[in-house]
Structure formats: structure tokens, C-alpha cells
2 protein chains.
Amino acid sequence: MIRNDQIVEGEPSNLSASIVATLKEQIIHWHYPPEHRLTEVELCKTFNVSRSPVREALRVLATDGFVKKLPNRGYVVRQHNIHEIEELYEVRVALELYAVECLARRGPLNENDKEDLVKLKRTWTDLLNGSSKKAEELARLDTQFHETLAHAAGNKTLLRHLRTINERLMLFRMIDFDKVDRAKSTCHQHLKILKCITAKDTPGARAAMQQNIDEGRNNVHTAIKDALARAYSMKT
Amino acid sequence: MIRNDQIVEGEPSNLSASIVATLKEQIIHWHYPPEHRLTEVELCKTFNVSRSPVREALRVLATDGFVKKLPNRGYVVRQHNIHEIEELYEVRVALELYAVECLARRGPLNENDKEDLVKLKRTWTDLLNGSSKKAEELARLDTQFHETLAHAAGNKTLLRHLRTINERLMLFRMIDFDKVDRAKSTCHQHLKILKCITAKDTPGARAAMQQNIDEGRNNVHTAIKDALARAYSMKT
DNA sequence: GTAGACCGAATTGTATACAATTTGTAGAGT
DNA sequence: ACTCTACAAATTGTATACAATTCGGTCTAC
């Protein structure tokens, strides 16, 4: 159920925006199997709203790549096959390597970002020293780490693109983080990246980031087959 | 005026999509000054349609970054300041360097793409040997060159992101190409890139691409001040 | 029994009507 | 003259109504 009081402060009544957020969340959490048809009236009923905001939301989700538009036949949840995951990871590598390279070369642009990096260091050191978290929380922290770096690099446009990539990858990272606790390894890698940045070791930072992303990619790869199988069994 | 018969084949009656395309085109060609307010009813009148497709179009344009949404106050054409251009170019560099690196390392993925590269070579050789074109045509060919490379690299997601970046940059490249004929230099650079790719010279390809983009960036930079000044004079 | 035409339910595409919010302005009060 | 309030116009947000298209099934012709 969508309600106006769910909406973030400063953004007044806007059903469309909250529908976008909710559907994204649901798709990421595999609430719908791939290729599942999203009918307007059905969404209207579940969200208790009229078709106007639903239609606008679907159009936005389509441009973001979460659903696919069939001409005159509505929308379906997009099928993310293994090849597409690979593509998403490649784009992510391209963007994040660039971001971390900038960051290592010229440092964070302002004091706020410098503080953010210190906070990150504390967070991941704490995690390394035993404070355990739930899988979903870990996935969130991991995403936050990478996005904070991109933000500190000072390029809002790059951050925006990275966000849409990561949102779509979240589809599979949820599965991965759900199955295995890889906290230790992730902590070490993140701390290594931060160390290289503060040491202005550009190639080191790039290498550490590449390793971090590659490991995540491999983990997701092994998790994907199960996920797709599960999704298939749901569809039938 | 928007009409259904303007629509591309295979995409049946869809006013919203054609409004998106038309508005994008208009914004890129500086039909509206930055921060110009886009009222729904006004767009309805100029396009001779109702508010539904206009609203959906505006939402899409907002997620693509062409217009900015003010809560409960409609939309305005986004102001692209110099800093944002710089950001767009940085993302473009990150993506295109990655693409050209893949291409130089492992070559085009299939025969079609290999053909495309040959066609590109012919096109730019012809241009170098005198066949002159209008500024707008040149800009189009240049964009096509870069997008063909990304396509040949075989990553559709990367291509999609590159497209949205390039579309927004087109705002300023139009101005630049309009003022000076830089065909010769561009030709040489593009041919150099192609040569490095076929020679599997990865660092060479990266360097040539970096040089090509940097030159474009510099040209645009020098052109921007005039553009902004002109836009300002339009606004007042 | 099969192919093809035709009809109707379901669904999307578009237009309009109504509600809620914002903003500018006129007017009263100080 | 200045500020604050209240109201009206304009504009967005939402809901509903109508048109056009698609798709499945049935019925007929062969």
C-alpha cells in the first residue's frame, strides 16, 4: 500500500515517485519473477491509486532499465541474464576505477568528503573487529562505501550513473549477501582501498578496487545460477 | 506539432515517446533558454495533445537529466554549467577508454561489428580526402563513430549510458561544431584510434582516444562562454 | 479436421474532470 | 510606508471516462 506520508520530507504528495521507489525495491528483492507482466490496473489495485501515477512510474522504471515496455502491451519485469550482469559489472569497473583514481590523485575535494572517508574507515574497522551485521545491512554498507568514494571524487554525474548501475546489480547482490558472510574479506579490501587513497598511491588504489569488484562479481556469478533457477521455478 | 505518423516503424501510436524525442531535440538545439519553465498546458497547446502524454514525457526527461522537476511547480530546462560539462566529459572518458581498451584487447565480438569498423575507416578517410560536410552532419558522424566503437566492444549497457551522456553533451557540441570546422584533426584522430585497435595496441588506442576526447573538451570549453552569454541574453 | 474471419473481453493510449497546492496580490491593520 | 492575512488565479497532482489496439476463442467454410 502506497501512502503519501511515506514520502520523504521536502517532496510533497507525489504518488508516482513513491510507486517508483516501491516497485524498484520489490523488483530488487525478487518479489516478481523475471518477465512477469505488470498490468496497470493490477498495480492500481495493489497500490490503491489511479492509473495516472502508475503509468508515469512505469515509464520511469522503463528508462531506468528495471522493466521493459512492450508497445501497446504494457510492461514486464526485465530479465537480467548472466551476460547483462557482466555488462553492468564492466561499466561499474570503468566508473569506479576512474573515481578512485581521481580520488587517489587529487584527494577529496572538500572537508565534508574528507570526514566521510574517515567515517568509512571507522565503520569498516569496527566491522573487521567483530561487530556483526545482517546480510542486508552489509549489502547496504557496501553500496554506501562505493558511493561515498564516488561522491568524494566530486563528480555528481558519475555518482548518478553509478547509482543506477548499482541499483540494478542489487538484484543479484541481495542473493549473494544472503547466502554467505563475506564480511572479513570485504573489510580488508575496503580498508586497503582507503589506505591507498590517503597514501596517494594511484595504481594501488586502482588495483585494490579492481580486486574488490572482481571478487564481488565472481561471488555473484556463482550465486546467479541458483537465483535464475529459483526464478524459473517461480514463473512456472 | 506532434503527430502519430511521425513515429518510428514498429512503435505504434505513442505520443509520449515522440514528445520526449522532440523536446530533447529542442533542448539540445537551444530552443529554450536554461531554467526556462516548461508548463504542462503550454506544451499541450504547442503539441496539440492532452496532459497525460506530456506529463509522462516530462518525467522521463527529468530522469534523463534534461529537465529539472520542482515539486508541485512543474519543470524547468536544466542549466548546464561549465562544471557539469566537465563532469559529463569525465564520465565519457571513463566509459570510452574502457570500451576502446576492450576493443583493442579482444577485437570486435562479431562479423557485423568488424564490418562497422571498416565502414568507419572508409567514412573518415573520405572526409579526410576532401568530401566536406555541414557542421551538424559532422557532429552526427562524430557521435556515430564513438557509439559504433562502444557497440563493437559488445557492451549494450555501456553503450546506453554513453548515449545519455553524449546526448546531453550534444547541447554544447552543436555550438562548437557550428563555429569551427575541425574536420581534419578529428579525421586524423579517429583513423589513429582505428589503426591502434586493429594493431591490438591497447595503450596506443587509449592514448588516442584520450587525446580525441580532450581536444573536443577543450574546443567546447572555449565555445561555452559565448553560449552561456547568448543564453543569458535570451533569458533577459 | 483445419484455416481463416470475426467478435468480444482485456488492456493500453489519450483526453478530460476534479482536488490540492502554490503564488501573487489586494487590502486591512499597525 | 511596511507587514501580515486572506483570497483568487494558475498550476500541478490524481482520478475517471472514452478511444484504439491486441489477443483469445468461437464459429463458419472448405
Side-chain angles (χ1 to χ4, degrees), chain A residues 1-23 27 32-33 35-64 66-78 235, chain B residues 1-23 27 32-33 35-64 66-78 235:
Chain A
M1 174 81 80
I2 295 271
R3 295 187 323 243
N4 278 354
D5 52 277
Q6 287 183 343
I7 299 200
V8 242
E9 190 173 350
E11 288 225 9
S13 166
N14 193 332
L15 293 184
S16 184
S18 29
I19 291 172
V20 168
T22 306
L23 275 179
I27 292 174
Y32 307 102
E35 299 294 319
H36 175 82
R37 189 164 175 194
L38 293 172
T39 308
E40 290 177 8
V41 282
E42 199 151 330
L43 293 173
C44 291
K45 272 186 268 183
T46 61
F47 290 147
N48 249 33
V49 295
S50 79
R51 279 178 57 211
S52 310
V54 168
R55 281 180 62 80
E56 291 170 17
L58 284 173
R59 268 222 138 70
V60 170
L61 286 170
T63 69
D64 278 352
F66 285 91
V67 301
K68 190 168 61 179
K69 177 165 158 31
L70 314 175
N72 281 319
R73 303 251 314 112
Y75 298 81
V76 295
V77 176
R78 263 189 72 171
K235 195 165 64 176
Chain B
M1 173 83 79
I2 295 269
R3 294 186 325 242
N4 279 354
D5 53 279
Q6 286 182 343
I7 299 199
V8 245
E9 188 173 350
E11 288 224 10
S13 165
N14 192 331
L15 294 182
S16 184
S18 30
I19 292 172
V20 168
T22 306
L23 276 179
I27 291 174
Y32 307 101
E35 300 293 317
H36 175 80
R37 187 162 176 195
L38 293 171
T39 308
E40 290 178 7
V41 284
E42 199 150 330
L43 293 172
C44 290
K45 273 186 268 183
T46 61
F47 289 147
N48 250 30
V49 294
S50 79
R51 278 177 60 211
S52 309
V54 168
R55 282 179 61 81
E56 293 170 17
L58 284 172
R59 265 217 146 53
V60 170
L61 286 171
T63 69
D64 278 352
F66 284 92
V67 301
K68 190 168 60 180
K69 177 167 161 29
L70 313 175
N72 283 318
R73 302 251 314 109
Y75 298 81
V76 295
V77 176
R78 264 190 71 169
K235 194 165 63 174

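First the proteins, then the strands, lettered A, B, ... as listed; each starts at 1.
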Q. What pairs with Thr63(A) under side chain to side chain donor-acceptor pair (under 3.5 Å), at least two apart in sequence or on another chain?
A. Thr63(B)
Q. Given dT21(D), dT14(D), dT12(D), which nucleotide is nearest the side-chain atoms of Asn72(A)?
A. dT21(D)
Q | Given dT11(D), dT14(D), dT11(C), the nucleotide with the shortest approach to the side chain of Thr39(B) | A | dT11(D)
Reckon [X] has a side-chain N or O less than 4.0 Å from the OP1 or OP2 of [N]?
X	N	result
Ser50(A)	dA15(D)	yes
Lys69(A)	dG13(C)	yes
Arg55(A)	dG13(C)	yes

Q. How would you label the contact of Arg59(A) with the nucleic acid (heavy atoms, under 4.0 Å): base, sugar-phosphate, or nothing?
A. nothing
Nearest whole angstrom, please: distance from the [atom2] of [N] to the [atom1] of [X].
X	N	atom1	atom2	value
Glu56(A)	dT12(C)	CD	P	16 Å
Leu15(B)	dT16(C)	CG	P	12 Å
Leu70(A)	dT12(C)	CG	P	10 Å
Glu40(B)	dT22(C)	CD	P	15 Å
Lys45(A)	dA15(D)	NZ	P	16 Å
Leu58(A)	dT11(C)	CG	P	14 Å

(Q) Go nucleotide by nucleotide along DNA chain D from the 5' end; which of Glu42(B) and Pro53(A) gets its closest nucleotide reached first? (A) Glu42(B)
Q) Given that Ser16(A) and Arg51(A) both sit by DNA chain D, which one's nearest nucleotide is further toward the 5' end? A) Ser16(A)
Q) Sub-3.5 Å donor-acceptor pair from the side chain of Arg59(B) to the main-chain atoms of Ser16(A), do we have one? A) no
Q: Indicate, yes or no, whether a donor-acceptor pair under 3.5 Å links the base of dG13(D) to the side chain of Arg73(B).
A: no
Q) Just wondering, do Val67(A) and Val76(A) contact through their side chains at under 4.5 Å, heavy atoms? A) no
Q: Check whether any side-chain heavy atom of Thr39(A) lies under 4.5 Å from a side-chain heavy atom of Tyr75(A), and answer yes or no.
A: no
Pull out every protein N or O sitting under 3.5 Å from an N or O of nucleotides 5-7 of chain C, one pair per line with the distance.
none

Q. In Å, rounded to the nearest 0.5 Å, how long is the span from OG1 of Thr22(B) to CD1 of Ile27(B)?
A. 11.0 Å
Q) How would you list, by chain and number, every residue that makes a salt bridge (Lys or Arg N to Asp or Glu O under 4.0 Å) with Arg55(A), sequence neighbours excluded? A) Glu40(A), Glu56(B)
Q: List in chain and number order the residues that pass side chain to side chain contact (heavy atoms under 4.5 Å, CB included) with Ala21(B), two or more places apart in sequence or in another chain; answer none if no residue qualifies.
A: none
